[in-house]
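The structure displayed is predicted, hence computed values, not measured ones.
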Amino acid sequence: MTVPSNVGVLGGGRMGAGIAHAFGTAGATVVVVERDDDAAAAAYERVAANLAKSVERGTVTEPLEVLLSRLSVSTDYADFAPAGLVVEAVPEDFALKAAALVAVEEQLAPDAWLASNTSSLSVSELAEKLQRPERFCGLHFFNPVPASDLIEVVLGKQTSEELAGAARTWTQDLGKTPVVVNDVPGFASSRLGVAIALEAMRMVEEGVASAEDIDAAMVLGYKHPTGPLRTTDIVGLDVRLGIAEYLAATLGPRFAPPQILRDKVARGELGRKTGTGFFDWK
């Protein structure tokens, strides 16, 4: 089973745009649905810019105009109707995601697939809200999507074997590697990534070393492509805080967010997207 010919993406922010780019360069016709006209226009520009960069770098062989001819944006969930797969990429809030997934499912054909890009929330609990939970799974893409080699395929308790196999194939067709995990809080990647990042934050808080030196230790000593604090800035401190709070509630106090993270989020220091986090991005 190859990538579906028609794919929908709910949410056109950094992650949603990256997901749309991935499926678009794999040959799918893609529609991105956003909350209003301004957000939809911004999503189009975001995806188009990513596609233009891929053409310039020679990582895709199709002309830009052909890629753009398969891309559209909308504010109407009804435009998901032709999709064989819709990937939800709205903010990491359970109630918001659950409501969005229910609304999307109402527009889909019975044989369509549905996925969430959640990085930590329970796929099984989200599936409980759906009429066809066996046709739902997690597809956890990584930021930035075009450059990342990984997709975490998260199997809920009711995810069908057919979907599990299809998701592996889609991942490979997107030029990425699937890591298949069962549905547990934080899955594999977020659980490990957040654990390292929280400890790095505590080290900054305790004056063990600077953010620069802590990251350098992980990059040079353990061959991480970026350190845990710079990665936190890229992901967003608010996103990391939300995941840590969820993991602390489900897995225990070892994931309790340090005060330095809470303080930075309260001050609006959210990382690269605001210009300041653990590093200065201005």
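Under the 4.5 Å side-chain criterion, counting only non-hydrogen atoms from C-beta, Leu108 is in contact with Arg132. Between Pro178 and Ile151, the closest side-chain pair of non-hydrogen atoms is not below 4.5 Å. Put simply, the side chain of Lys176 reaches to within 4.5 Å of the side chain of Val145, judged on heavy atoms. Residues Tyr44 and Leu68 are in side-chain contact: their nearest non-hydrogen atoms beyond the backbone lie under 4.5 Å apart. Residues Val153 and Leu139 are in side-chain contact: their nearest non-hydrogen atoms beyond the backbone lie under 4.5 Å apart.
Remark: Arg70 engages Glu62 in a salt bridge, criterion side-chain N to carboxylate O under 4.0 Å. Taking 4.0 Å as the cut-off between side-chain N and carboxylate O, Lys157 and Glu128 do not count as a salt-bridged pair.
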So Val86 and Val7, side-chain contact (heavy atoms from CB on, under 4.5 Å) or not? Walk me through it. CA-CA 6 Å; Val86 173; Val7 174; over 6 Å; no
Take Val104 and Glu88 through the side-chain contact (heavy atoms from CB on, under 4.5 Å) test and state the conclusion after the steps. CA-CA 9 Å; Val104 171; Glu88 165 272 309; 6.0 Å; no
Show, in sequence, the C-alpha distance, side-chain angles and deciding distance for Val179 and Ser189, and conclude whether the side-chain contact (heavy atoms from CB on, under 4.5 Å) test is met. CA-CA 9 Å; Val179 171; Ser189 60; over 6 Å; no
For the pair Val47 and Leu51, evaluate side-chain contact (heavy atoms from CB on, under 4.5 Å) and give the outcome as yes or no after the intermediate values. CA-CA 6 Å; Val47 181; Leu51 291 171; 4.1 Å; yes
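Under a hydrophobic clustering in which Ile, Leu, Val, Met, Phe, Trp and Tyr are joined whenever their side-chain heavy atoms come within less than 4.5 Å, directly or via other members, Leu114 and Leu10 fall into the same cluster. Leu198 and Leu270 fall within a single hydrophobic cluster, where Ile, Leu, Val, Met, Phe, Trp and Tyr are joined by side-chain heavy atoms under 4.5 Å apart, directly or via other members. Transitive grouping of hydrophobic side chains (ILVMFWY, heavy atoms separated by less than 4.5 Å) brings Val102 and Val90 into a common cluster. Follow the hydrophobic side-chain contacts under 4.5 Å out from Trp170 and you never reach Val181; the two are in separate clusters. In the hydrophobic clustering of this structure, Val9 groups with Leu67; members are Ile, Leu, Val, Met, Phe, Trp, Tyr whose side-chain heavy atoms approach within less than 4.5 Å, directly or through other members.
One finds the CG atom of Leu163 at 10.0 Å from the CZ atom of Arg168 (value rounded to the nearest 0.5 Å). One finds the CZ atom of Phe23 at 12.0 Å from the CG atom of Asn6 (value rounded to the nearest 0.5 Å). The distance from the CG atom of Leu150 to the OG1 atom of Thr171 is 8.5 Å, given to the nearest 0.5 Å. Expressed to the nearest 0.5 Å, how far CG of Leu85 lies from CZ of Phe80 amounts to 10.0 Å.
The closest side-chain donor-acceptor pair between Thr276 and Glu269, if any, does not fall under 3.5 angstrom.
Judged as a ring-ring contact (aromatic ring centres under 6.0 Å, His included), and not counting sequence neighbours, the contacts of Phe142 are His140. Under the salt bridge (Lys or Arg N to Asp or Glu O under 4.0 Å) criterion, Asp238 pairs with Lys273, sequence neighbours left out. Arg135 meets the salt bridge (Lys or Arg N to Asp or Glu O under 4.0 Å) test with no other residue; sequence neighbours excluded.
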List the atom pairs, donor and acceptor, that lie under 3.5 Å between side-chain atoms in residues 202-210 and the rest of the protein, sequence neighbours left out.
| residue | atom | partner | partner atom | Å |
| --- | --- | --- | --- | --- |
| Arg202 | NH1 | Glu199 | OE1 | 3.2 |
| Arg202 | NH2 | Arg254 | O | 3.4 |
| Arg202 | NH2 | Ala256 | O | 3.1 |
| Glu205 | OE2 | Gln259 | N | 3.2 |
| Glu205 | OE2 | Ile260 | N | 2.7 |
| Ser210 | OG | Asp213 | N | 3.1 |

Can you give me every donor-acceptor pair (side chain of residues 219-231, partner residue at least two apart or in another chain, under 3.5 Å) with its distance?
| residue | atom | partner | partner atom | Å |
| --- | --- | --- | --- | --- |
| Thr226 | OG1 | Thr231 | OG1 | 2.7 |
| Thr231 | OG1 | Gly227 | O | 2.8 |

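Heavy-atom contacts from other residues, nucleotides or ligands closer than 6.0 Å to CG of Asp149 number 12 or fewer. The environment of Glu161 atom CD is sparse: at most 12 non-hydrogen atoms of other residues, nucleotides or ligands sit within 6.0 angstrom. Atom NZ of Lys129 has 12 or fewer neighbouring heavy atoms from other residues, nucleotides or ligands inside a 6.0 Å radius.
A donor-acceptor pair is defined here as one N or O able to donate and one able to accept, closer than 3.5 Å; such a pair exists between the side chain of Glu92 and the backbone of Ser120.
Each of Lys264, Arg240, Arg272 was compared with Thr232 under the side chain to side chain donor-acceptor pair (under 3.5 Å) criterion, and only Arg240 meets it.
Pairs of residues two or more places apart, or lying in two chains, never qualify as ring-ring contact (aromatic ring centres under 6.0 Å, His included) while including a residue from residues 244-282.
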